[in-house]
Amino acid sequence: MGSSLRRLALAAGAALLCAGAAAAPAVAEIGPPAATWGEKTGIGPDACPENTYCLFDHADFNKDVPNGGKIWYFTGTFKSLPVGHDAAASIYNNTDGTVSVFRDWLHSTTQCLTLPPFSVHRDLRVLDIADSISSTSTLPSLSCRS
């Protein structure tokens, strides 16, 4: 009988452990969220999806293109942009965070532009960075150097 009681106690303990594991709260992910991207056609900053930053193929957010131009939208940091690489003529940061965009390479000593939350640049030619953005960052540790 002693072994039956022991088996019953072990089974009850295992059941409690399983119940406790199932009821445990989820642990938050540590580190930056995964970077995402997409491409669409559109005109104007309003075409930029919420909570993303957008690179537009033409100056003034594709407004001079009758059917709209390409818009590449992103979240997160990209060492090398998967789309829109060296092609943007205007940009809109439609996020509540700061975005840094880099000419030629992430965190390089070359030109970098900081975009505060919900800010725009209509014509990147004025800043001599049009058609040359290749990297972006939303991480404070990888922002433009002063």
Side-chain angles (χ1 to χ4, degrees), residues 7-146:
R7 279 191 220 128
L8 183 60
L10 286 172
L16 283 173
L17 281 175
C18 288
V27 176
E29 245 184 72
I30 297 174
T36 62
W37 61 272
E39 182 177 305
K40 64 187 276 187
T41 301
I43 299 172
D46 290 342
C48 182
E50 197 172 325
N51 299 316
T52 67
Y53 55 95
C54 294
L55 304 179
F56 293 78
D57 197 23
H58 299 277
D60 204 22
F61 316 105
N62 299 334
K63 288 184 180 176
D64 293 334
V65 180
N67 296 321
K70 287 184 182 177
I71 301 172
W72 302 283
Y73 54 94
F74 306 91
T75 64
T77 296
F78 289 90
K79 184 175 181 180
S80 181
L81 291 174
V83 293
H85 192 279
D86 292 343
S90 52
I91 187 168
Y92 175 38
N93 178 9
N94 194 16
T95 74
D96 61 1
T98 300
V99 175
S100 297
V101 296
F102 299 86
R103 175 188 200 121
D104 299 327
W105 197 252
L106 177 67
H107 207 57
S108 67
T109 56
T110 62
Q111 193 169 4
C112 177
L113 174 65
T114 299
L115 295 126
F118 306 105
S119 64
V120 299
H121 283 281
R122 295 180 169 282
D123 191 348
L124 294 173
R125 293 174 296 190
V126 172
L127 302 171
D128 195 32
I129 197 169
D131 300 327
S132 60
I133 294 171
S134 62
S135 306
T136 61
S137 175
T138 56
L139 301 173
S141 61
L142 294 175
S143 60
C144 297
R145 296 178 184 171
S146 9

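Keep in mind that this is a model prediction, so the values were computed, not measured.
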Side-chain contact, heavy-atom cut-off 4.5 Å: R103 with D128?
yes
All heavy atoms of F102 vs all of L142, minimum pair found to be CZ-O, 3.4 Å
H58 versus G69, closest heavy-atom pair with distance:
CD2-CA, 4.2 Å
Are there more than 12 heavy atoms of other residues, nucleotides or ligands under 6.0 Å from atom NZ of K70?
no
Where do C144 and S100 come nearest, in terms of heavy atoms and distance?
N-OG, 3.3 Å
Beyond-backbone contact of I133 with L124, side-chain heavy atoms, under 4.5 angstrom
yes
Sidechain-backbone polar pair: K40 side chain, Y73 backbone, donor-acceptor under 3.5 Å
no
Do T98 and T114 pass the side chain to side chain contact (heavy atoms under 4.5 Å, CB included) test, and can you show the C-alpha distance, the side-chain angles, and the key distance before you say yes or no?
CA-CA 7 Å; T98 300; T114 299; 3.4 Å; yes
Beyond-backbone contact of V99 with I91, side-chain heavy atoms, under 4.5 angstrom
no
Can you tell me if S137 uses its side chain to pair, donor with acceptor, with the backbone of S143 under 3.5 Å?
no
For the pair I71 and N62, evaluate side chain to side chain contact (heavy atoms under 4.5 Å, CB included) and give the outcome as yes or no after the intermediate values.
CA-CA 8 Å; I71 301 172; N62 299 334; 3.6 Å; yes
In this structure, which one of F74, F118, Y92 forms a ring pair (Phe, Tyr, Trp, His ring centres under 6.0 Å) with Y53?
F74
Least distance between heavy atoms, L127 atom then Q111 atom:
O-NE2, 2.6 Å
Kindly indicate, with the supporting measurements, whether the criterion side chain to side chain contact (heavy atoms under 4.5 Å, CB included) is fulfilled by L55 and L81.
CA-CA 11 Å; L55 304 179; L81 291 174; 3.6 Å; yes
Side-chain donor/acceptor of N93 to backbone N/O of P116, under 3.5 Å
yes
